[in-house]
Amino acid sequence: MHWADYTAQRLIERGGEQVSASGITPSGEFHIGHLREILSAEMIHRACLDAGIQSKYIFIVDSMDPLRRVYEFLSPEYKRYIGHPLAFIPAPGPDGKPGDGKQTYAEHFLAPFLKALSEIGVLPEVVMNHETYESGRFAEYIDLAISKREEIRGIVQDISGRELADDWFPYNPMGSDGSLDGVTVTGYENPFVLWVDSHGIEGKSDIRKAEGKMPWRIDWAARWAIHGITCEPAGKDHGAAGGSYDTGIPICRVLGGDPPDKIVYEWIQLKGMGPMSSSTGLTVGPMEALSLVPPEILRYVIARSKINRHIEFDTGSALFRTADEYERLVSSPAQEESGMTKRQLVAAQTQSGAIRMSQVESGSDPRESIGGVSFRHLSMLAQIKSSDEDVWSSLNRSGHIQGEPGKSLVVRLARMRTWIEGPHFPEDAKIEIKMALSDESRDNLDDESKQFLSALSTLLSECEWSDEGINESIANACESSGIPRRKGYSSIYWALIGRSHGPKASSLLFEMDRGGVLSLLRNA
RNA sequence: GGGCCUGUAGCUUAGUCAGGUAGAGCGCCGGGCUUUUAACCCGGUGGCCGGGGGUUCGAAUCCCCUCAGGCCCGCCA
């Protein structure tokens, strides 16, 4: 069974309406690692719906979290906003300087991420956490946490092993300058928390408004209670023993809530680069990933892996393998047959679950996502056909499509071209036409091959220079020189691109300069 | 120091919770395809399940030890 379906089964036992949730701090550019946070929860949500139970999916944006430091992409002017909630500071402009404030910092980074999410079929109910504070929904939990302060302190200290300061308080008020840092609580008179800030200014925060926030471990537990969250997969950082998941569960109960079961997902790493890190610049943005990869393949990368396993996100040749695997499973779906062993049955169920979870539109026919053309075939056409029109006519001739290409196929080709032209496209997938015969090629061409190529060059100098004409010439040259077709094609590839295999030879030749082809063949 | 995850064929991995003769895909090798040759079809090769010990009639699976890789233990989410 697929992990999302398995989790859904457990949630059904729990009963009631299910609420899956994700939470991310919009402190900077979102990256591919955040997609796992989102998709882990969203796929469980979908599995619940598929199982016929009530479920919703919410994305809580930690907009009340303060700016922690001046990141690389920010100008030094942001120093004065350190400690201020991300919802209350201006978005950076292209120069990294604070903008005019029309858009907040949180919105600035959130907007493109939400757009990317919609492209992969994720349409969450978005909750800006600062708005939940503003609405007063946190108030009763803040009050409760303050009155049970010692009990909560005990939980955090016992489970996390961390010593909390004597003046620890489960609510951080915002000071006179709007910063959450350096504000000392001096008293509590419901609904006001009294404080003195780092400038020595005294004031009070209304817990019914966004005038302060609870520390992370308490905030998380409270929001489970507020939103009735039953499922929130968290990154393994939260999942560590004594981490915020372990303290959140009992704290949530203290606050009168029914916490979700602990679910921990592993991280996505970039191939050969270790974990995603904004400080080292080793990130692949979701938008960048989507500019290369078809959305269902991106979903499949997450869906195919068990939730507790690392994923190495590889934008190189592994993408071909992943796409091949996806297409193979779509075209010949895993069948459950009698006589299968238990293991084979489980594997078949898991695979079909992964394909189901990979669809951009839940419940749609996976075959439509491929659009009739394989990822590999498209990569070849995109390289040898400079204009899109030529790609479409080639696909029509080959019978892959009939008439105009579908909308998804047009987008697919655009993504493919971006990938091919960008830095991630694997070298060994590039088609490079040789100017002269390499030594390696020479070694792979025996007399029979050379004879064939010579015969071919003669036929090619006379035939009609079209896909069909070239193809016919190749067939005839094989025939006349008595060479097996496989070897004939292989000879052509050695002569033209220095490899034993390649894309459809006639299409390749047709795109090339006729004189160049003839000279390469004759010199072989 | 404490804890979590991972280690199965050249590569990616399933199977570990509920112990019963190691499965898959890719790659590779061979064959086929009278014209879609990075395609498709058929067949084959390939694993002392990281290592050691224990429990058991029987261990990839449970227990202990060990090696290797990744990660977490900051009012940082």
Is the ring pair A:Y81/A:Y78 parallel, tilted or perpendicular, if the boundaries are 30 and 60 degrees?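 A:Y81 and A:Y78: tilted rings.
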
Taking the six-membered ring for Trp, are A:W224 and A:Y245 parallel (under 30°), tilted (30 to 60°) or perpendicular (over 60°)?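 Correct class here is tilted.
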
Contacts of [X] that satisfy ring pair (Phe, Tyr, Trp, His ring centres under 6.0 Å) - sequence neighbours left out:
| X | result |
| --- | --- |
| A:Y489 | none |
| A:H227 | none |
| A:W3 | none |
| A:F138 | A:Y133 |

With rounding to the closest Å, how many angstrom separate the [atom1] atoms on [N] and [M]?
| N | M | atom1 | value |
| --- | --- | --- | --- |
| B:A9 | B:G47 | C1' | 5 Å |
| B:G53 | B:U13 | P | 29 Å |
| B:G10 | B:A18 | C1' | 34 Å |
| B:C40 | B:G46 | C1' | 24 Å |
| B:G69 | B:C33 | C1' | 46 Å |
| B:C26 | B:C63 | C1' | 37 Å |
| B:G54 | B:G44 | C1' | 40 Å |
| B:U66 | B:U56 | P | 23 Å |

Looking at A:R223 and A:D62, is any side-chain nitrogen of the basic one under 4.0 Å from a carboxylate oxygen of the acidic one?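 Judged by the 4.0 Å cut-off on N to carboxylate O distance, A:D62 and A:R223 do form a salt bridge.
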
Taking [atom1] from [X] and [atom2] from [N], how many angstroms apart are they, rounded to a whole number?
| X | N | atom1 | atom2 | value |
| --- | --- | --- | --- | --- |
| A:D246 | B:C73 | CG | P | 13 Å |
| A:E37 | B:A77 | CD | C1' | 10 Å |
| A:M380 | B:U37 | CE | P | 8 Å |
| A:L509 | B:U36 | CG | C1' | 15 Å |
| A:H377 | B:C40 | NE2 | C1' | 13 Å |
| A:L180 | B:C76 | CG | C1' | 14 Å |
| A:Y245 | B:C73 | OH | C1' | 18 Å |
| A:L459 | B:U35 | CG | C1' | 14 Å |

Shortest side-chain distance from A:H238, nucleotide among B:U34, B:C33, B:A77: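 Selected nucleotide: B:A77.
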
Nearest-nucleotide pick for A:W267, side chain only, options being B:U35, B:C72, B:A77: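 Looking only at heavy atoms from C-beta outward on A:W267, the closest nucleotide is B:C72.
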
Contact list (N/O, under 3.5 angstrom) for nucleotides 23-29 of chain B vs protein:
from  : atom 1 : to     : atom 2 : distance (Å)
B:G25 : O3'    : A:R328 : NH1    : 3.4
B:G25 : O2'    : A:R328 : NH1    : 3.2
B:G25 : O2'    : A:R328 : NH2    : 2.2

Less than 6.0 Å separating the ring centroids of A:W494 and A:H501?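 For A:W494 and A:H501, the ring centres are not under 6.0 Å apart.
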
May I ask you to check whether A:W419 and A:F320 place their ring centres under 6.0 Å from each other?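 For A:F320 and A:W419, the ring centres are under 6.0 Å apart.
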
[N] pairs with, by Watson-Crick or G-U criteria that keep both distances under 3.5 Å:
| N | value |
| --- | --- |
| B:C17 | none |
| B:A68 | B:U6 |
| B:G43 | B:C29 |

Within a reach of under 6.0 Å around OH of A:Y6, are more than 12 heavy atoms found that belong to other residues, nucleotides or ligands?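 Not buried by this count: 12 neighbours or fewer within 6.0 Å.
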
Does A:K430 have more than 12 heavy atoms from other residues, nucleotides or ligands lying within 6.0 Å of its NZ?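 Check passes, neighbour count above 12.
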
Toward the 5' end of RNA chain B, by each residue's nearest nucleotide, A:S379 or A:R223: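 So the residue in question is A:S379.
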
By nearest heavy atom, map A:R304 and A:T25 onto RNA chain B; which one lands nearer the 5' end?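 Between the two, 5'-proximity favours A:R304.
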
Tell me what [X] touches on the nucleic acid: a base, only sugar-phosphate, or nothing, going by heavy atoms under 4.0 Å.
| X | result |
| --- | --- |
| A:I431 | base |
| A:N172 | base |
| A:D237 | base |
| A:A234 | nothing |
| A:W220 | nothing |
| A:Y493 | sugar-phosphate |

Are there any protein N/O atoms within less than 3.5 Å of an N/O atom in nucleotides 1-8 of chain B, and if so, which ones and at what distance?
from : atom 1 : to     : atom 2 : distance (Å)
B:C5 : O2'    : A:N308 : O      : 3.2
B:U6 : OP1    : A:N308 : ND2    : 3.3
B:G7 : OP1    : A:R309 : NH1    : 3.4

Distance-minimising heavy-atom pair for A:S20 and A:I44: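 Heavy atoms of A:S20 and A:I44 come nearest at OG-CG2, 4.1 Å.
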
